[in-house]
Asks: 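Pasting a structure here, questions to come.
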Amino acid sequence: MKKLAFFDSGLGGLTVLHEALKQMPQEQYIYFADSDHAPYGTKSSAAIKALVFDVVDFLVQQDIKALVLACNTATSVVIKDLRQQYSIPIIGMEPAIKPAMELPSNKKTLVCATEKTLAENKLQLLIENLNATDKVERLSLQKLVSFAENFEFEGLKVHTYLSQSFSPINWVEFDSIVLGCTHFVYFKPLIKQLIPPHIHILDGNKGTIKHLQDRISLNTNGETFPIEFFSSKKPMPATHFAPCFTLLNQ
Ligand code: DGL
């Protein structure tokens, strides 16, 4: 039986893996956190490409049937090159702007992502293809990546950072916020407290797992397996990641 690999610059991709575990508990999972090199969002495209290829070279040797690049930033920069290089299905992340545009209230959406994702052409093309240029505002919440890597999912520092970042936003013009970075999903409860109740909070995790399911043959023999964790910051046992799952299970 072949495995499914999930890869992110650090802990963010666990939010996507968590969704996969809910929907496909009988698969065998590998998770790679490139925590020694997080954050990716402040690095150059060349640096991100080199890091991602190093990890994917390792992952494809682990008998995997598909790879989920559970990182919007890496997807923006390198997914095309990866698909040219490797023959297994490679599923990337896409900010959930399409579902935001389908909301009946027809107001603007605030796309929050890393500096790199916001600067990349891939996002611009997505917005243009959806004819959403006038309906999308962009906001970098890059610092949330470092907060998450330090397991600081709440508290005064994070609260202050988020409320200052949101202070210029005139929420009456908006109906949604898109979390375009997998690390940001941990902060959903806090974000909810800081924005008006009419704002929908959207992320791309469910959509990504749906794409994955369409591309693989599922394991049907009823077994479950422990997740194998790898990290560039060694050693990182499974217990290191436990607080993330605890938070996501709440
Ligand atoms: N989880 C990555 C993403 O979805 C975080 C990027 C970073 O490491 O800055 O974009």
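What you see is a predicted model, and the numbers here were worked out from it, not measured in a lab. In each ligand, atom 1 is the first atom listed, and ligand 1 is the first ligand listed. Values below: all heavy atoms of this structure, side chains included; hydrogens, waters and symmetry mates excluded.
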Asks: Give the protein residues with at least one non-hydrogen atom closer than 4.0 Å to an atom of ligand 1, ordered by chain and number.
Replies: Asp8, Ser9, Pro39, Tyr40, Gly41, Cys71, Asn72, Thr73, Thr114, Gln142, Val145, Cys181, Thr182, His183
Asks: Are the side chains of His183 and Glu149 in touch, meaning some heavy atoms are under 4.5 Å apart?
Replies: yes
Asks: How far apart are the C-alpha atoms of Asn205 and Thr15, what are their side-chain angles, what is the distance that settles it, and do they pass the side chain to side chain donor-acceptor pair (under 3.5 Å) test?
Replies: CA-CA 7 Å; Asn205 290 4; Thr15 67; 3.2 Å; yes
Asks: Inspect the contact between Lys65 and Glu27 and indicate whether a charged nitrogen and a carboxylate oxygen are less than 4.0 angstrom apart.
Replies: yes
Asks: Each residue besides Leu59 in its hydrophobic cluster should be listed here, by chain and number; the cluster joins Ile, Leu, Val, Met, Phe, Trp and Tyr at side-chain heavy-atom distances under 4.5 Å.
Replies: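 Answer for Leu59: Phe7, Ile30, Phe32, Tyr40, Ile48, Leu51, Val52, Phe53, Val55, Val56, Phe58, Val60, Ile64, Leu67, Leu69, Val77, Val78, Ile79, Leu82, Tyr86, Ile88, Ile90, Phe230.
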Asks: For the pair His18 and Phe245, name the ring-plane relationship: parallel under 30°, tilted 30 to 60°, perpendicular over 60°.
Replies: tilted
Asks: Got Phe151 and Leu247 here, is their nearest side-chain heavy-atom distance under 4.5 Å?
Replies: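 Counting from C-beta outward, Phe151 and Leu247 never come under 4.5 Å.
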